[in-house]
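Everything quoted here is computed from the prediction, not taken from an experiment. Lettering follows sequence order; numbering is per chain, from 1.
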2 protein chains.
Amino acid sequence: MATINDVARAAGVSPSTVSYVLSGRRPISAQTRERVQAAIAELGFHPHAGARALASSRTNVLALVVPLRTDVNVPVIMQFATAVVTASRTHNHDVLLLTKDEGTAGLERVAHSTMVDALIVMDVERDDVRIQALRRLKQPSVLIGLPADPAGIVCVDLDFEAAAAEALRHLAWHGHRKVALVGPSPAVYKRGTTYAERFLTGFTIGSAELGLETMTHPCEPDREGVRACLADVDAQLPGVTALVVHNEEALRMVLEELQASGRRVPADISVVAVCPRDVALNMPLPLTSVDIPAHDVGGLAVATAMKLLDGRPTEKVRLLPPTLVERGSTAPLAPTAG
Amino acid sequence: MATINDVARAAGVSPSTVSYVLSGRRPISAQTRERVQAAIAELGFHPHAGARALASSRTNVLALVVPLRTDVNVPVIMQFATAVVTASRTHNHDVLLLTKDEGTAGLERVAHSTMVDALIVMDVERDDVRIQALRRLKQPSVLIGLPADPAGIVCVDLDFEAAAAEALRHLAWHGHRKVALVGPSPAVYKRGTTYAERFLTGFTIGSAELGLETMTHPCEPDREGVRACLADVDAQLPGVTALVVHNEEALRMVLEELQASGRRVPADISVVAVCPRDVALNMPLPLTSVDIPAHDVGGLAVATAMKLLDGRPTEKVRLLPPTLVERGSTAPLAPTAG
DNA sequence: TTGAAAGCGGTACCAG
DNA sequence: CTGGTACCGCTTTCAA
């Protein structure tokens with residue numbers, strides 16, 4: 001492999017000049033620059049990452065911590081991950097993949113050994129033990145999620161509270177008064193996954209503000225779970241005219257069960273999904289949905305990390321406003337039912 | 001951050017001794033070792049990854065290339081990825097995550113800049129352009145999959161041909177003579193994804209060897225696609241008594257459509273799935289399945305990469321034998337139907 | 001606008 | 001069994 005010295009020799013300049021051509025950190029005459037670039041191309045020179053990291057204290061690598069567990073929504077995780085990788089590349093960074101099960105030790109390992117410049121952590125829980133560890137690191141970190149105490153750490157996420165409010169507002173606008181939330185599985189709540197809690201909060205507040213009659217119910221994403229959930233909804237909120245479904249895995253089954261019980265969507269019951277747009281579009285019926293913008297959130301996390309690395313100012317908590325797109329699964333409440 | 005020199009000073013030894021304590025590459029007296037380890041612990045010393053890479057020409061990082069496209073089965077991809085990360089950690093390596101869309105350039109970038117010791121590449125196609133690039137790298141690579149010409153590259157995967165044969169053998173043993181293959185979507189075949197082709201080959205050969213009456217049909221994993229596929233199967237192979245489903249996304253819908261058409265599984269029709277065990281177990285009915293051992297394959301890929309790095313001998317192509325587990329979705333053919 | 005050279009923090013060879 | 005030290009390849013300060 002060619003080194004910077006080989007390039008310097010071939011171009012008839014000093015190694016430092018080659019380095020400056022590469023980094024652009026000082027003016028170089030056009031002539032010199034061209035000679036150097038020609039030599040680089042000819043020799044197929046690629047700077048040695050380790051050497052660079054050693055000399056510059058910059059690795060150009062971001063750590064990404066993903067949950068390994070599969071009770072959490074895998075496709076969404078994957079969307080976040082690919083978004084982070086893609087965004088990182090546009091910022092000239094690569095991504096080191098860590099799994100959550102290494103816990104605090106994994107974070108400390110890659111940080112202390114200077115493998116990464118910053119860390120992006122997914123699947124953050126209410127009182128995540130990893131957060132105190134992150135605070136002690138010399139590298140900055142960005143959470144995707146929102147823990148109980150985000151002090152000293154930067155967080156980005158969808159504004160799930162607003163998302164719930166948005167869903168309710170849409171339904172209320174269409175005249176719906178009785179609305180049920182079909183939530184994630186109990187395990188998700190139990191774990192202290194904050195997006196679930198935040199959505200619930202927004203739902204409750206929104207319900208009160210709009211004067212709606214609502215109920216909420218977790219939902220195990222299998223056939224029996226969905227049936228049980230819908231049965232409870234019908235029992236506790238008779239005459240329900242709309243559902244907000246914050247449970248991707250269960251979504252398709254909810255639609256099927258509604259159909260099985262003889263209810264047409266949206267004629268008999270409206271459904272607002274909370275999910276990535278492609279999921280909403282790939283249902284039997286295109287669903288009105290509040291988008292989970294995994295791509296945007298991942299991109300924002302990376303952009304935020306870059307700001308931190310550059311010492312640029314950053315919001316401590318950045319919650320993206322939700323967008324609701326009306327598709328085929330919601331309709332105004334029929335006058336007779338109002 | 002403490003350096004090796006700080007540790008050496010604190011322990012009253014030379015830096016090289018500290019290095020040797022860390023690497024175990026030469027005998028150290030118990031006394032010295034303890035003093036050094038105490039100093040390491042006290043100072044919270046962690047070797048600088050870049051410095052280490054520079055001096056040793058070893059990064060202890062593996063590149064993992066995953067498909068970014070989502071027409072491919074996301075949960076399985078994720079299983080492979082987490083298996084690779086987990087296995088890498090047991091070998092004291094970390095994983096750099098690359099997406100397939102960077103193509104050849106991405107591979108060359110991380111290899112030429114010495115960011116990784118070896119590469120693991122998923123979603124390999126028949127005539128994958130990346131393969132020639134991999135051959136030129138100084139780092140070894142392991143493919144998960146099997147291209148047309150694997151010369152010079154090590155490949156690991158499930159033996160999909162044998163998997164198909166195994167599924168048919170199981171059904172034939174139970175007296176089934178008319179069997180249809182519900183395959184992946186046409187797009188998967190079109191792309192030259194070899195696992196699909198290999199399964200098809202195995203199915204065709206197995207069918208001939210067992211003297212079965214069979215047909216094969218790709219299947220778009222949505223409601224209409226599944227319906228159309230099953231309709232074609234019924235039309236072209238009337239009296240079909242068993243299905244082999246090599247399409248995870250479609251699996252649940254296949255079962256539901258069978259039920260909708262009044263056929264009970266396994267009483268009226270047997271179903272063998274080809275999927276990870278957890279998918280087979282999470283269906284309404286636990287399915288007899290040929291396992292896609294993502295964890296094993298990922299682990300094997302990593303172990304193989306380690307062998308290559310150590311200069312130990314390795315099989316060029318390693319195809320894991322399939323295992324079929326009988327669960328509730330297959331039954332002997334009823335005598336009356338035979 | 002460019003060059004010289006001192007590190008960055010380890011590794012591993014050469015000595016003893 | 002241990003120490004001294006020349007690198008590994010690049011960045012960046014100091015000089016010119």
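For the pair B:Leu62 and B:Leu96, the minimum side-chain heavy-atom distance is 4.5 Å or more. Here the side chains of A:Arg35 and A:Val21 are not in contact, with every heavy-atom distance at 4.5 Å or above. Contact of the B:Asp278 side chain with the B:Gln79 side chain is registered, since non-hydrogen atoms from C-beta on lie closer than 4.5 Å. Proximity of A:Leu300 to A:Thr304: side-chain heavy atoms (C-beta onward) are separated by under 4.5 Å at one or more points.
Where the helix from C:dT1-D:dA16 to C:dG16-D:dC1 starts and where it ends, the local axes point in directions that differ by 30°; five pairs per end, rounded to 10°.
For B:His46, the ring pair (Phe, Tyr, Trp, His ring centres under 6.0 Å) partners at least two apart in sequence or on another chain are A:His112. A search for ring pair (Phe, Tyr, Trp, His ring centres under 6.0 Å) contacts involving A:Phe160 returns A:Tyr195, A:His246, not counting sequence neighbours. Evaluation of the salt bridge (Lys or Arg N to Asp or Glu O under 4.0 Å) rule for B:Arg109 yields A:Asp94, B:Glu102 as partners, not counting sequence neighbours.
A:Asp310 and A:Lys307 are not joined by a salt bridge, as no carboxylate oxygen comes within less than 4.0 angstrom of a charged side-chain nitrogen.
Sorted pairs that involve residues 76-86 of chain A and meet salt bridge (Lys or Arg N to Asp or Glu O under 4.0 Å), not counting sequence neighbours, are lacking altogether. Within the structure, the ring pair (Phe, Tyr, Trp, His ring centres under 6.0 Å) test picks out no pair touching residues 116-155 of chain B (sequence neighbours left out). Under the ring pair (Phe, Tyr, Trp, His ring centres under 6.0 Å) criterion, no residue pair touches residues 15-42 of chain A, with sequence neighbours excluded.
The minimum heavy-atom distance linking B:Asp123 with B:Arg130 is given by the pair O-NH2, 3.3 Å.
Panel note: side chain A:Arg33, backbone A:Ile28; a donor-acceptor pair is recorded below 3.5 Å.
Contacts between chain A and DNA chain D, taken as any atom within less than 4.0 angstrom of a protein heavy atom, begin and end at D:dG9 to D:dC14. If you walk DNA chain C from 5' to 3' and mark each nucleotide with an atom closer than 4.0 Å to a heavy atom of chain B, the marks span C:dG9 to C:dC14.
A heavy-atom distance below 4.0 Å to DNA chain D is reached by none of the residues of residues 34-41 of chain A. Taking every heavy atom of residues 15-24 of chain A and every atom of DNA chain D, pairs under 4.0 Å involve A:Ser16, A:Ser19, A:Tyr20, by number.
Nearer to the 5' terminus of DNA chain C, by closest-nucleotide assignment, is the contact made by A:Thr32 (compared with the other of A:Thr32 and A:Ala51). Mapping B:Ile28 and B:Leu54 onto DNA chain D by nearest heavy atom places B:Ile28 closer to the 5' end of the strand.
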Q: Tell me, with the steps shown, if B:Arg198 and B:Asp159 meet salt bridge (Lys or Arg N to Asp or Glu O under 4.0 Å).
A: CA-CA 8 Å; B:Arg198 287 180 281 141; B:Asp159 188 338; 5.8 Å; no

Atom pairs and distances, donor-acceptor, side-chain atoms in residues 134-155 of chain A, under 3.5 Å, two or more places apart:
residue, atom, partner, partner atom, Å
A:Arg135, NE, A:Ala151, O, 2.5
A:Arg135, NH2, A:Asp149, O, 2.9
A:Arg135, NH2, A:Ala151, O, 3.0
A:Gln139, NE2, A:Ala111, O, 2.9
A:Gln139, NE2, A:Val116, O, 3.1
A:Asp149, OD1, A:Ala151, N, 3.0

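B:Arg25 comes within 4.0 angstrom of the backbone, heavy atoms only, and of no base.
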